[in-house]
Amino acid sequence: MTVESTAARQPRRSAGSKAGTTGTKAAGSTGTKRATARTTARTAAAEPELVQLLTPEGERVKNAEYDRYVDGITPEELRGLYRDMVLTRRFDAEATALQRQGELGLWASLLGQEAAQIGSGRATREDDYVFPTYREHGVAWCRGVDPTNLLGMFRGVNNGGWDPNENNFHLYTIVIGSQALHATGYAMGITKDGADSAVIAYFGDGASSQGDVSEAFNFAAVYNAPVVFFCQNNQWAISESNEKQTRVPLYQRAQGFGFPGVRVDGNDVLASLAVTRWALERARRGEGPALIEAWTYRMGAHTTSDDPTRYRHDDERVAWEAKDPILRLRRYLESVHHTDEGFFAELETESEALGRRVREAVRAMQDPDHFAIFENVYADGHALVDEERAQFAAYQASFADVEGV
C-alpha cells in the first residue's frame, strides 16, 4: 500500500551523496548510507502486520486471533453494518453539497473512512464514552446522535448541537489531539468510580504528532486507564504525508509506552469491529490502554477549504477506490449471504429520504442572537466588553434601511 506515487516515493539524493559526485569518497559513502537507511525505514514502515477479515474483493479471511469477536455475527447484522455505512456516506455527501451551496461555513468529509468508524462505533457499549475529533460522523451515527445535530456548529448557529451525556458522545473537538488527554482523564475517573465501562478516543495520523497525544499515552499507561486510542490513519495530515511524520508505523508507538498496538485494515468493517471489540474488552477487564491504527484513506479533501489535487496524485486515489469499504461488504453480502436487490433498492430510497431531511433541517436552523457572544465572558461584566458590545450594535445598525432611500 503506497502513500504517494512510485515516482514521488523515490529516495531523494542527500546532500552527502550529491557532494560525493564531486567531492570525497567518504562524503559519497555517508550520503549513500543515509539514503539507504531512509529507503529501508520506508520499506519497513510500508509492510507492517495488518488485521484483515474481508478482502477488497469481498472474500472472508480467517484470523485465529480476531475471528471470535465476529464469528457470531448474523446476516442481518452484516446488512445493518452496510446500512450504517451507506447512510453515513449519504449524509456526508449532503453536508458537502450544503457547504458548496453556502449553507455551511465548512465541512470535514469522512468519505472513504466509513468502515473504520462504523466498525469501531458498533463495537462500543452504551455505557462506554466516546471522545471524537470533528470527522467522526459515522461514530456519532452509531451512538444515536441525530445527523442534523452535527451541522449546527458548521453552520455557525451553536457551539456543539447535542448533549454529550445523552449518548456518551462528547462534542466535536477542533483543537488537534487534545481529546486524547480528555479521554484519558475520563478513563482514570471512571476507574476510581468503580465502573466497568471503557473510553475510546479518536484522532488522525496528523494528531499523533501532537504532544497531547504522547502525554495521553503516558498517563494512560502509567495509570492503566481503560481507554482505547483509535487513530484513523487516512494517509494525509492535510497536505503532509505519513512519511514526513513518522519513521515507524504509528501503531508501533504504543510499545514505547508499554501497551499493545494493532494496525487494522480500516476499509474492512469486520476487522475494525473485531479489533475494537478486543481492545474495549481488555480495557474493561482492567488490562489497560491499547492503540488501534486504522489503515484507511481520505478520499476527499481534508475539509471543504482544502484542494488535495495540489499535493497528491490521482493514481493514489484510484488505487484506494478499489478498496472501497462499502463495495467490499456489498460483494460479501451478495456472494455469501445472497442479499437481493430489494434490500439495496430500499436502502437507496431511505438514503435519499435522509438527504432531504438533512437539507430541510439545515435551512430551517434559526440564526443565533448576534449579541450572545458578549454574554458570560465575565461573571460580573466588564467595561471593555460593554464597549465592544456597543461598537458591534452600532455596526449592525449601519445596515438598517434608511427611510426614503
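Phe154 and Tyr172 have perpendicular rings, their planes meeting at more than 60° on a 0 to 90° scale where under 30° would count as parallel. Ring pair Trp278/Tyr66 is perpendicular by interplanar angle, where above 60° counts as perpendicular and below 30° as parallel. Relative orientation of the His170 and Phe131 rings is parallel, given thresholds of 30° and 60° on the angle between their planes.
Nearest heavy-atom pair across Thr184 and Ala225 is O-CB, 4.4 Å. Pairing each heavy atom of Ala187 with each of Val227, the nearest pair is CB-CB, 3.9 Å. Considering every non-hydrogen atom in both Cys231 and Leu291, the closest pair reads CB-CD1, 4.4 Å. Between Val264 and Val51, the shortest heavy-atom distance links the atoms CG2-O, 3.5 Å. When all heavy atoms of Ala116 and Ala294 are compared, the pair lying nearest together is CB-CB, 4.0 Å. Among all heavy-atom pairs drawn from Asn149 and Trp162, the shortest one is O-CE3, 3.6 Å.
In this structure, the ring-ring contact (aromatic ring centres under 6.0 Å, His included) partners of Phe217, at least two apart in sequence or on a different chain, are Phe229, Phe257, Phe259. Listed by chain and residue number, Arg90 satisfy the side-chain hydrogen bond (donor to acceptor under 3.5 Å, both in side chains) test with Glu352 (two or more places apart in sequence, or in another chain). Applying the side-chain hydrogen bond (donor to acceptor under 3.5 Å, both in side chains) rule to Gln179 yields no partners; only residues at least two apart in sequence or on another chain are considered. A search for salt bridge (charged side-chain N to carboxylate O under 4.0 Å, His left out) contacts involving Glu126 returns nothing, not counting sequence neighbours. For Tyr134, there are no ring-ring contact (aromatic ring centres under 6.0 Å, His included) partners two or more places apart in sequence or in a different chain.
The side-chain heavy atoms of Leu151 and Trp107, taken from C-beta on, include a pair separated by under 4.5 Å. Here the side chains of Ile200 and Asp128 are not in contact, with every heavy-atom distance at 4.5 Å or above. Annotation: side chain of Arg253 is in contact with side chain of Thr246 (closest heavy-atom distance under 4.5 Å). Residues Tyr251 and Ile292 have side chains not in contact (no heavy-atom distance under 4.5 Å, counting atoms from C-beta outward). Counting heavy atoms from C-beta on, the side chains of Pro260 and Arg282 come closer than 4.5 Å. Side-chain contact check for Tyr129 versus Pro164: some heavy-atom pair is nearer than 4.5 Å. Counting only heavy atoms from C-beta outward, the side chains of Gln210 and Val175 never approach each other to under 4.5 Å. With a 4.5 Å cut-off on side-chain heavy atoms, Cys142 and Ile118 count as touching.
Annotation: cation-pi pair Arg60/Tyr332 absent, no NZ/CZ under 6.0 Å from the ring centroid and within 45° of its normal.
No hydrogens or angles considered: a donor-acceptor pair under 3.5 Å links the side chains of Thr124 and Arg143. One side chain, Glu316 or Tyr297, offers a donor N or O that lies under 3.5 Å from an acceptor on the other. A donor atom on one side chain and an acceptor atom on the other are found under 3.5 Å apart for Asn267 and Thr296. When only modelled atom types and interatomic distance are considered, Tyr82 and Thr339 share no side-chain donor-acceptor pair under 3.5 Å. Residues Gln252 and Arg247 bring no donor and acceptor atom of their side chains to less than 3.5 Å of each other. For Ser178 and Asp212, the side-chain atoms include no donor-acceptor pair closer than 3.5 Å. Using modelled atom types, one finds no donor on one side chain facing an acceptor on the other under 3.5 Å when comparing Gln117 with Ser120. For Asn242 and Gln235, the side-chain atoms include at least one donor-acceptor pair closer than 3.5 Å.
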Please report, to 0.1 Å, the donor-acceptor pairs under 3.5 Å made by any side chain of residues 365-380, with sequence neighbours excluded.
unit_1 : atom_1 : unit_2 : atom_2 : d
Asp369 : OD1    : Phe371 : N      : 3.0
His370 : ND1    : Gln396 : OE1    : 3.4

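Note: Asp92 CG to Leu87 CG = 12.5 Å, rounded to the nearest 0.5 Å. Separating the NE2 atom in His302 from the OG1 atom in Thr304 is a distance of 10.0 Å, to the nearest 0.5 Å. For the atom pair CG (Leu273) and CG (Leu54), the distance works out to 12.0 Å, reported to the nearest 0.5 Å. To the nearest 0.5 Å, atom OH of residue Tyr69 and atom CG of residue Leu280 are 10.5 Å apart. Between atom CG of residue Asp163 and atom CZ of residue Phe169 there is a gap of 13.0 Å, rounded to the nearest 0.5 Å. Taken from CD1 in Ile174 to OG1 in Thr133, the straight-line distance is 8.0 Å, to the nearest 0.5 Å.
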- Item | side-chain hydrogen bond (donor to acceptor under 3.5 Å, both in side chains) between Asn233 and Glu293, intermediate numbers included | CA-CA 6 Å; Asn233 184 349; Glu293 178 192 1; 2.7 Å; yes

- Message: Set out, in order, the CA-CA distance, both residues' side-chain angles and the distance that settles side-chain contact (heavy atoms from CB on, under 4.5 Å) for Val213 and Leu181, then state yes or no.
- Response: CA-CA 7 Å; Val213 174; Leu181 278 172; over 6 Å; no

- Message: Evaluate Arg331 against Glu59 for salt bridge (charged side-chain N to carboxylate O under 4.0 Å, His left out), listing each step before the verdict.
- Response: CA-CA 8 Å; Arg331 288 168 173 164; Glu59 297 175 357; over 6 Å; no

- Task: Might you work through the side-chain hydrogen bond (donor to acceptor under 3.5 Å, both in side chains) test for Glu136 and Gln232, ending with a clear yes or no?
- Result: CA-CA 10 Å; Glu136 271 67 61; Gln232 291 177 86; 2.5 Å; yes

- Item | Arg356 and Glu360: CA distance, side-chain angles, deciding distance, salt bridge (charged side-chain N to carboxylate O under 4.0 Å, His left out) verdict | CA-CA 6 Å; Arg356 288 192 297 273; Glu360 294 168 357; 5.7 Å; no

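The pair Asp84-Arg89 does not meet the salt-bridge criterion, since no charged nitrogen lies less than 4.0 angstrom from a carboxylate oxygen. One finds no salt bridge joining Arg284 and Asp127 here, because no Lys/Arg side-chain nitrogen approaches an Asp/Glu carboxylate oxygen to under 4.0 Å. Between Asp265 and Arg328 there is a salt bridge, since a side-chain N of the basic residue sits under 4.0 Å from a carboxylate O of the acidic one. Ion pairing between Arg389 and Asp386 holds under the 4.0 Å rule for side-chain N and carboxylate O. Checked for salt-bridge contact, Arg298 and Glu114 miss the test: no charged N lies under 4.0 Å from a carboxylate O. Salt-bridge annotation for Arg155 and Glu103: present, with a side-chain N of the basic residue lying under 4.0 Å from a carboxylate O of the acidic one. Salt-bridge annotation for Arg357 and Asp146: present, with a side-chain N of the basic residue lying under 4.0 Å from a carboxylate O of the acidic one. Comment: Glu94 engages Arg359 in a salt bridge, judged by a side-chain N to carboxylate O separation of less than 4.0 angstrom.
Atom CG of Asp314 has 12 or fewer neighbouring heavy atoms from other residues, nucleotides or ligands inside a 6.0 Å radius. Within 6.0 Å of atom CG in Asp71, more than 12 heavy atoms from other residues, nucleotides or ligands are found, so the atom counts as buried in its surroundings.
Asn168 places no side-chain N or O within donor-acceptor distance of the main-chain N or O of Val130, the cut-off being under 3.5 Å.
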